[in-house]
Protein chains: 2
Amino acid sequence: MVKKRAGLVEALKEAGFRMTPQRTAICEALSTRFDHPTAQSLYEQVKAEYSSLSLTTVYQTLDTLLRIGAITSLGSAGDDTIHFEVNTDPHINLACLTCHRICDLNSTAIKALEAEVQQAIGSKVLSGRVVYYSECLEQSDPLDCQFNPASRHKEGRVDE
Amino acid sequence: MVKKRAGLVEALKEAGFRMTPQRTAICEALSTRFDHPTAQSLYEQVKAEYSSLSLTTVYQTLDTLLRIGAITSLGSAGDDTIHFEVNTDPHINLACLTCHRICDLNSTAIKALEAEVQQAIGSKVLSGRVVYYSECLEQSDPLDCQFNPASRHKEGRVDE
DNA sequence: TGCAAATATGTAATGATTACTAAGAAGGAA
DNA sequence: TTCCTTCTTAGTAATCATTACATATTTGCA
(Lines give C-alpha, C1' and ligand atoms only; values in the text may rest on other atoms or scores of the structure.)
Protein backbone atom coordinates (compact mmCIF):
# COMPACT_ATOMS: atom_id res chain seq x y z
CA MET A 1 0.00 0.00 0.00
CA VAL A 2 1.34 3.31 -1.03
CA LYS A 3 0.56 6.00 1.44
CA LYS A 4 0.25 9.42 -0.14
CA ARG A 5 1.21 12.52 1.74
CA ALA A 6 -0.37 15.79 0.82
CA GLY A 7 -0.25 19.46 1.43
CA LEU A 8 2.52 20.76 -0.77
CA VAL A 9 0.21 22.53 -3.20
CA GLU A 10 -1.94 23.73 -0.31
CA ALA A 11 1.11 25.00 1.51
CA LEU A 12 2.21 27.00 -1.51
CA LYS A 13 -1.24 28.52 -1.90
CA GLU A 14 -1.47 29.41 1.76
CA ALA A 15 1.90 31.07 1.57
CA GLY A 16 0.57 33.24 -1.24
CA PHE A 17 2.42 31.69 -4.16
CA ARG A 18 0.80 31.33 -7.55
CA MET A 19 0.03 27.91 -8.85
CA THR A 20 1.38 26.83 -12.17
CA PRO A 21 1.15 23.50 -13.94
CA GLN A 22 4.86 23.04 -13.38
CA ARG A 23 4.61 23.58 -9.65
CA THR A 24 1.62 21.34 -9.40
CA ALA A 25 3.42 18.60 -11.25
CA ILE A 26 6.54 18.94 -9.15
CA CYS A 27 4.51 18.87 -5.93
CA GLU A 28 2.59 15.87 -7.15
CA ALA A 29 5.81 14.06 -7.98
CA LEU A 30 7.23 14.91 -4.58
CA SER A 31 4.18 13.75 -2.68
CA THR A 32 3.97 10.39 -4.40
CA ARG A 33 7.61 9.47 -4.11
CA PHE A 34 8.84 7.95 -0.92
CA ASP A 35 12.49 7.94 -1.67
CA HIS A 36 14.40 11.16 -1.08
CA PRO A 37 14.78 12.66 -4.51
CA THR A 38 17.36 15.04 -5.86
CA ALA A 39 16.56 17.97 -8.10
CA GLN A 40 17.86 16.09 -11.11
CA SER A 41 15.79 13.05 -10.27
CA LEU A 42 12.61 15.10 -9.97
CA TYR A 43 13.43 16.90 -13.18
CA GLU A 44 13.70 13.67 -15.12
CA GLN A 45 10.47 12.38 -13.67
CA VAL A 46 8.34 15.48 -14.32
CA LYS A 47 10.02 16.20 -17.64
CA ALA A 48 8.39 13.03 -18.92
CA GLU A 49 5.01 14.76 -18.74
CA TYR A 50 6.13 18.34 -19.18
CA SER A 51 8.67 18.25 -21.93
CA SER A 52 9.19 22.00 -21.68
CA LEU A 53 10.12 21.82 -18.03
CA SER A 54 13.38 23.46 -17.10
CA LEU A 55 15.79 22.18 -14.49
CA THR A 56 15.92 25.72 -13.15
CA THR A 57 12.19 25.57 -12.43
CA VAL A 58 12.70 22.44 -10.38
CA TYR A 59 15.43 24.12 -8.35
CA GLN A 60 13.30 27.22 -7.87
CA THR A 61 10.27 25.25 -6.77
CA LEU A 62 12.31 23.19 -4.36
CA ASP A 63 13.83 26.34 -2.94
CA THR A 64 10.38 27.84 -2.49
CA LEU A 65 9.12 24.73 -0.74
CA LEU A 66 12.18 24.79 1.47
CA ARG A 67 11.62 28.40 2.42
CA ILE A 68 8.05 27.80 3.52
CA GLY A 69 9.16 24.72 5.41
CA ALA A 70 7.06 22.28 3.41
CA ILE A 71 10.09 20.12 2.68
CA THR A 72 13.56 19.91 4.14
CA SER A 73 17.02 19.25 2.80
CA LEU A 74 18.98 16.23 3.95
CA GLY A 75 22.18 17.13 2.17
CA SER A 76 24.31 14.59 0.39
CA ALA A 77 24.13 10.83 0.61
CA GLY A 78 27.70 10.44 -0.49
CA ASP A 79 26.93 11.61 -4.00
CA ASP A 80 27.56 15.34 -3.55
CA THR A 81 23.96 16.02 -4.40
CA ILE A 82 21.20 17.41 -2.23
CA HIS A 83 18.45 14.99 -1.30
CA PHE A 84 15.09 16.35 -0.21
CA GLU A 85 12.76 15.14 2.49
CA VAL A 86 9.00 15.37 2.09
CA ASN A 87 8.09 13.52 5.26
CA THR A 88 8.02 16.24 7.88
CA ASP A 89 7.22 13.89 10.74
CA PRO A 90 10.23 13.74 13.05
CA HIS A 91 12.23 10.68 12.19
CA ILE A 92 15.72 9.37 11.57
CA ASN A 93 17.14 9.08 8.08
CA LEU A 94 19.44 6.26 7.08
CA ALA A 95 21.63 6.88 4.07
CA CYS A 96 23.64 4.33 2.17
CA LEU A 97 26.97 5.68 1.02
CA THR A 98 27.18 3.08 -1.73
CA CYS A 99 23.83 3.27 -3.49
CA HIS A 100 22.98 6.77 -2.23
CA ARG A 101 19.50 5.84 -1.15
CA ILE A 102 17.98 7.27 1.99
CA CYS A 103 15.22 5.69 4.00
CA ASP A 104 13.20 6.74 7.00
CA LEU A 105 13.41 5.14 10.40
CA ASN A 106 10.72 5.74 12.97
CA SER A 107 12.09 6.95 16.25
CA THR A 108 10.69 7.66 19.65
CA ALA A 109 13.85 9.27 20.97
CA ILE A 110 13.76 12.02 18.39
CA LYS A 111 10.88 13.72 20.14
CA ALA A 112 13.06 14.22 23.19
CA LEU A 113 15.87 15.39 20.95
CA GLU A 114 13.75 18.10 19.35
CA ALA A 115 12.54 19.13 22.78
CA GLU A 116 16.16 19.68 23.78
CA VAL A 117 16.72 21.84 20.73
CA GLN A 118 13.56 23.84 21.40
CA GLN A 119 14.64 24.42 24.95
CA ALA A 120 18.08 25.55 23.86
CA ILE A 121 17.10 28.08 21.22
CA GLY A 122 13.40 28.60 21.70
CA SER A 123 11.04 28.75 18.77
CA LYS A 124 13.57 29.76 16.19
CA VAL A 125 14.27 26.29 14.83
CA LEU A 126 13.70 26.34 11.08
CA SER A 127 14.50 22.78 10.14
CA GLY A 128 16.64 19.85 11.06
CA ARG A 129 18.39 16.90 9.59
CA VAL A 130 19.12 13.67 11.38
CA VAL A 131 21.02 11.38 9.09
CA TYR A 132 23.13 8.33 9.80
CA TYR A 133 25.40 6.89 7.17
CA SER A 134 26.07 3.27 6.50
CA GLU A 135 26.57 0.79 3.72
CA CYS A 136 23.70 -1.43 2.78
CA LEU A 137 24.74 -4.96 2.02
CA GLU A 138 23.21 -6.22 -1.17
CA GLN A 139 22.07 -9.45 0.40
CA SER A 140 20.24 -8.31 3.47
CA ASP A 141 19.52 -4.78 2.31
CA PRO A 142 19.23 -3.42 5.83
CA LEU A 143 18.36 -0.01 4.49
CA ASP A 144 15.27 -1.34 2.78
CA CYS A 145 12.94 1.57 2.96
CA GLN A 146 9.83 1.10 4.97
CA PHE A 147 7.98 3.45 2.67
CA ASN A 148 9.06 1.98 -0.59
CA PRO A 149 7.97 -1.64 -1.04
CA ALA A 150 10.27 -1.99 -4.03
CA SER A 151 13.32 -0.23 -2.79
CA ARG A 152 15.57 -1.97 -5.28
CA HIS A 153 14.24 0.21 -8.06
CA LYS A 154 16.78 2.44 -9.63
CA GLU A 155 14.87 5.59 -8.76
CA GLY A 156 17.26 6.61 -6.07
CA ARG A 157 20.31 6.15 -8.22
CA VAL A 158 20.30 9.25 -10.29
CA ASP A 159 23.86 10.36 -10.00
CA GLU A 160 26.33 7.57 -9.51
CA MET B 1 39.95 27.71 29.27
CA VAL B 2 40.42 26.10 25.93
CA LYS B 3 39.97 22.39 26.03
CA LYS B 4 42.08 20.55 23.51
CA ARG B 5 40.94 17.37 21.89
CA ALA B 6 43.50 14.96 20.60
CA GLY B 7 43.99 11.82 18.65
CA LEU B 8 43.91 12.89 15.02
CA VAL B 9 47.61 12.34 14.43
CA GLU B 10 47.48 9.14 16.44
CA ALA B 11 44.48 7.93 14.48
CA LEU B 12 46.29 8.50 11.21
CA LYS B 13 49.35 6.63 12.41
CA GLU B 14 47.31 3.73 13.70
CA ALA B 15 45.55 3.50 10.38
CA GLY B 16 48.94 3.17 8.71
CA PHE B 17 49.19 6.55 7.06
CA ARG B 18 52.46 8.39 6.81
CA MET B 19 52.95 11.51 8.81
CA THR B 20 53.93 14.68 7.04
CA PRO B 21 54.38 18.19 8.36
CA GLN B 22 51.29 19.21 6.40
CA ARG B 23 49.13 16.53 7.93
CA THR B 24 50.45 17.28 11.38
CA ALA B 25 49.71 20.95 10.96
CA ILE B 26 46.21 20.30 9.63
CA CYS B 27 45.46 17.91 12.48
CA GLU B 28 46.81 20.40 14.96
CA ALA B 29 44.64 23.13 13.52
CA LEU B 30 41.61 20.89 13.60
CA SER B 31 42.14 19.82 17.18
CA THR B 32 42.54 23.32 18.52
CA ARG B 33 39.55 24.85 16.77
CA PHE B 34 36.15 24.50 18.29
CA ASP B 35 34.12 25.94 15.50
CA HIS B 36 33.29 23.65 12.61
CA PRO B 37 35.72 24.62 9.91
CA THR B 38 35.48 24.30 6.16
CA ALA B 39 38.33 23.15 3.96
CA GLN B 40 38.94 26.72 2.83
CA SER B 41 38.99 27.98 6.39
CA LEU B 42 41.53 25.37 7.44
CA TYR B 43 43.61 26.10 4.38
CA GLU B 44 43.84 29.78 5.22
CA GLN B 45 44.78 29.03 8.79
CA VAL B 46 47.49 26.47 8.11
CA LYS B 47 48.78 28.33 5.06
CA ALA B 48 49.89 31.08 7.42
CA GLU B 49 52.58 28.74 8.76
CA TYR B 50 53.06 26.55 5.69
CA SER B 51 53.12 28.94 2.79
CA SER B 52 53.62 26.07 0.36
CA LEU B 53 50.47 24.31 1.49
CA SER B 54 48.05 23.40 -1.23
CA LEU B 55 44.29 23.49 -0.90
CA THR B 56 44.27 20.05 -2.45
CA THR B 57 46.29 18.72 0.45
CA VAL B 58 43.72 20.03 2.87
CA TYR B 59 40.93 18.32 0.97
CA GLN B 60 42.89 15.09 0.79
CA THR B 61 43.74 15.11 4.47
CA LEU B 62 40.15 15.83 5.43
CA ASP B 63 39.02 13.01 3.20
CA THR B 64 41.49 10.66 4.82
CA LEU B 65 40.37 11.67 8.30
CA LEU B 66 36.78 11.15 7.22
CA ARG B 67 37.50 7.69 5.88
CA ILE B 68 39.08 6.52 9.12
CA GLY B 69 36.23 8.07 11.06
CA ALA B 70 38.37 10.53 13.00
CA ILE B 71 36.18 13.42 11.93
CA THR B 72 32.74 13.68 10.39
CA SER B 73 31.05 15.92 7.88
CA LEU B 74 28.10 18.07 8.85
CA GLY B 75 27.34 19.31 5.38
CA SER B 76 26.37 22.86 4.64
CA ALA B 77 25.34 25.55 7.08
CA GLY B 78 23.48 27.45 4.41
CA ASP B 79 26.68 28.40 2.64
CA ASP B 80 26.95 25.48 0.23
CA THR B 81 30.20 24.49 1.85
CA ILE B 82 31.03 21.41 3.86
CA HIS B 83 31.68 21.96 7.56
CA PHE B 84 33.63 19.36 9.48
CA GLU B 85 33.12 18.08 12.98
CA VAL B 86 36.05 17.10 15.19
CA ASN B 87 34.07 16.42 18.32
CA THR B 88 33.10 12.78 17.97
CA ASP B 89 31.12 12.67 21.21
CA PRO B 90 27.44 12.26 20.35
CA HIS B 91 25.80 15.66 20.40
CA ILE B 92 23.44 17.97 18.57
CA ASN B 93 24.72 20.63 16.18
CA LEU B 94 23.03 23.98 15.86
CA ALA B 95 23.70 25.85 12.65
CA CYS B 96 22.88 29.46 11.94
CA LEU B 97 21.70 30.02 8.39
CA THR B 98 22.71 33.67 8.54
CA CYS B 99 26.25 33.63 9.86
CA HIS B 100 26.93 29.99 8.93
CA ARG B 101 28.37 29.13 12.29
CA ILE B 102 27.71 25.78 13.89
CA CYS B 103 27.85 25.07 17.60
CA ASP B 104 27.54 21.96 19.70
CA LEU B 105 24.70 21.26 22.06
CA ASN B 106 25.02 18.57 24.68
CA SER B 107 22.19 16.09 24.56
CA THR B 108 21.08 13.17 26.65
CA ALA B 109 18.43 12.02 24.18
CA ILE B 110 20.96 11.42 21.45
CA LYS B 111 22.23 8.31 23.19
CA ALA B 112 18.81 6.74 22.83
CA LEU B 113 18.68 7.91 19.23
CA GLU B 114 21.93 6.20 18.35
CA ALA B 115 20.77 3.09 20.11
CA GLU B 116 17.75 3.03 17.84
CA VAL B 117 19.99 3.34 14.80
CA GLN B 118 22.25 0.59 16.04
CA GLN B 119 19.31 -1.67 16.61
CA ALA B 120 17.95 -0.97 13.14
CA ILE B 121 21.08 -1.60 11.11
CA GLY B 122 23.46 -3.27 13.49
CA SER B 123 27.10 -2.34 13.60
CA LYS B 124 27.34 -0.90 10.14
CA VAL B 125 26.84 2.73 11.10
CA LEU B 126 29.75 4.74 9.74
CA SER B 127 28.86 8.24 10.88
CA GLY B 128 25.97 10.51 11.59
CA ARG B 129 24.96 14.09 11.44
CA VAL B 130 22.39 15.70 13.69
CA VAL B 131 21.98 19.32 12.71
CA TYR B 132 19.21 21.79 13.43
CA TYR B 133 19.00 25.06 11.55
CA SER B 134 18.04 28.40 12.92
CA GLU B 135 18.86 32.06 12.76
CA CYS B 136 20.89 33.51 15.55
CA LEU B 137 19.74 36.96 16.56
CA GLU B 138 22.62 39.35 16.85
CA GLN B 139 21.50 40.63 20.24
CA SER B 140 20.99 37.46 22.19
CA ASP B 141 23.22 35.23 20.07
CA PRO B 142 21.43 32.05 21.11
CA LEU B 143 23.85 29.98 19.09
CA ASP B 144 26.75 31.16 21.17
CA CYS B 145 29.04 28.21 21.12
CA GLN B 146 29.67 26.51 24.39
CA PHE B 147 33.14 25.58 23.24
CA ASN B 148 34.17 28.94 21.92
CA PRO B 149 34.22 31.65 24.58
CA ALA B 150 34.56 34.30 21.90
CA SER B 151 32.12 33.05 19.33
CA ARG B 152 31.75 36.46 17.74
CA HIS B 153 35.13 36.07 16.15
CA LYS B 154 35.04 35.98 12.41
CA GLU B 155 36.67 32.57 12.24
CA GLY B 156 33.51 30.83 11.26
CA ARG B 157 32.66 33.27 8.52
CA VAL B 158 34.86 32.14 5.74
CA ASP B 159 32.45 32.11 2.89
CA GLU B 160 29.68 34.63 3.16
C1' DT C 1 -10.57 41.34 -20.70
C1' DG C 2 -6.32 43.70 -19.25
C1' DC C 3 -2.54 44.49 -16.47
C1' DA C 4 1.06 44.21 -12.96
C1' DA C 5 3.66 41.08 -10.67
C1' DA C 6 5.22 36.57 -10.38
C1' DT C 7 6.98 32.64 -12.75
C1' DA C 8 9.29 29.68 -16.44
C1' DT C 9 12.92 28.99 -19.56
C1' DG C 10 17.53 28.71 -21.38
C1' DT C 11 21.97 29.92 -21.14
C1' DA C 12 25.89 31.54 -18.89
C1' DA C 13 28.36 31.96 -14.70
C1' DT C 14 29.81 30.47 -10.15
C1' DG C 15 32.46 28.00 -7.03
C1' DA C 16 33.34 24.03 -4.17
C1' DT C 17 35.34 19.81 -4.91
C1' DT C 18 37.85 16.30 -7.61
C1' DA C 19 41.08 14.45 -11.19
C1' DC C 20 45.46 14.16 -12.80
C1' DT C 21 50.53 14.33 -13.15
C1' DA C 22 55.09 15.34 -11.97
C1' DA C 23 58.00 16.38 -8.15
C1' DG C 24 59.05 15.54 -3.41
C1' DA C 25 59.22 13.14 1.05
C1' DA C 26 58.38 9.22 4.46
C1' DG C 27 59.82 5.06 6.28
C1' DG C 28 61.57 0.54 6.11
C1' DA C 29 65.50 -2.48 4.54
C1' DA C 30 70.23 -3.23 4.02
C1' DT D 1 73.32 6.23 6.96
C1' DT D 2 71.71 5.39 2.21
C1' DC D 3 68.65 3.57 -1.08
C1' DC D 4 64.36 2.52 -2.86
C1' DT D 5 59.58 1.86 -3.07
C1' DT D 6 55.47 3.85 -2.12
C1' DC D 7 52.80 7.41 -0.46
C1' DT D 8 52.04 12.30 -0.42
C1' DT D 9 52.14 17.09 -2.10
C1' DA D 10 51.43 20.82 -5.20
C1' DG D 11 49.56 22.98 -9.07
C1' DT D 12 46.57 23.21 -12.58
C1' DA D 13 42.76 21.78 -15.14
C1' DA D 14 38.39 19.64 -15.16
C1' DT D 15 33.86 18.50 -13.20
C1' DC D 16 29.32 19.35 -12.06
C1' DA D 17 25.63 20.74 -8.92
C1' DT D 18 23.65 24.92 -8.20
C1' DT D 19 22.74 29.87 -9.00
C1' DA D 20 22.39 34.27 -11.68
C1' DC D 21 20.46 36.60 -15.20
C1' DA D 22 17.57 38.27 -19.05
C1' DT D 23 13.61 37.41 -21.66
C1' DA D 24 9.26 35.44 -22.61
C1' DT D 25 5.21 33.71 -20.56
C1' DT D 26 1.59 33.12 -17.26
C1' DT D 27 -1.11 33.79 -13.14
C1' DG D 28 -4.63 35.98 -10.47
C1' DC D 29 -7.04 39.87 -9.52
C1' DA D 30 -9.47 44.35 -10.80
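By convention in this document, chain letters (A, B, ...) are assigned in the order of the sequence lines, proteins followed by strands, and residues within each chain are numbered from 1.
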For the side chain of [X], starting at C-beta, report the closest nucleotide among [options].
X	options	answer
A/Q22	D/dT9, C/dT17, C/dT9	C/dT9
B/R18	C/dA25, C/dA6, D/dT18	C/dA25
B/S54	C/dT17, D/dT18, D/dA10	D/dA10
B/R23	C/dT17, D/dT9, D/dA17	D/dT9

What is the distance, rounded to the nearest whole Å, between atom [atom1] of [X] and atom [atom2] of [N]?
X	N	atom1	atom2	answer
A/Y50	C/dT9	OH	P	10 Å
B/L42	D/dT9	CG	P	14 Å
A/L62	D/dT19	CG	C1'	14 Å
B/L55	D/dT9	CG	P	13 Å
B/M19	C/dG28	CE	P	13 Å
B/Q60	C/dA16	CD	P	18 Å
B/K13	C/dG28	NZ	P	11 Å
A/I82	D/dT19	CD1	C1'	11 Å

How many angstroms lie between atom CG of A/D63 and atom OG1 of A/T56, to the nearest 0.5 angstrom?
->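 Going from the CG atom of A/D63 to the OG1 atom of A/T56 covers 12.0 Å.
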
Between [X] and [Y], is any pair of side-chain heavy atoms under 4.5 Å apart?
X	Y	result
A/L113	B/Y132	yes
B/V117	A/I92	yes
B/R33	B/Q45	yes

OP1 or OP2 of [N] sitting under 4.0 Å from any side-chain N/O of [X]?
X	N	answer
B/T57	D/dT8	no
A/Y59	D/dT19	no
A/T56	C/dG10	no

Hey, mind stepping through B/R129 and B/N93 against side-chain contact (heavy atoms from CB on, under 4.5 Å) and telling me if it holds?
-> CA-CA 8 Å; B/R129 62 174 66 161; B/N93 291 281; over 6 Å; no

Donor + acceptor pair across side chains of B/T57, B/Q22 (<3.5 Å) |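 Distance-only check fails for B/T57 and B/Q22.
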
Select from B/T20 and B/D80 the residue whose nearest nucleotide in DNA chain D is closer to the 5' end of that strand.
->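 Nearer the 5' end of the strand: B/T20.
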
Parsed dot-bracket for DNA chain D after applying the Watson-Crick and G-U rules with both distances under 3.5 Å and | for other-strand partners is ||||||||||||||||||||||||||||||

Of the options B/V46, B/V9, B/L65, B/T61, which is the one that meets B/L30 in a side-chain contact (heavy atoms from CB on, under 4.5 Å)?
->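 Exactly one candidate clears the test, B/L65.
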
For B/D63, report the nucleic acid contact type (base, sugar-phosphate, nothing); a contact means any heavy atom under 4.0 Å.
->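 If one applies the 4.0 Å heavy-atom cut-off, B/D63 turns out to touch nothing in the nucleic acid.
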
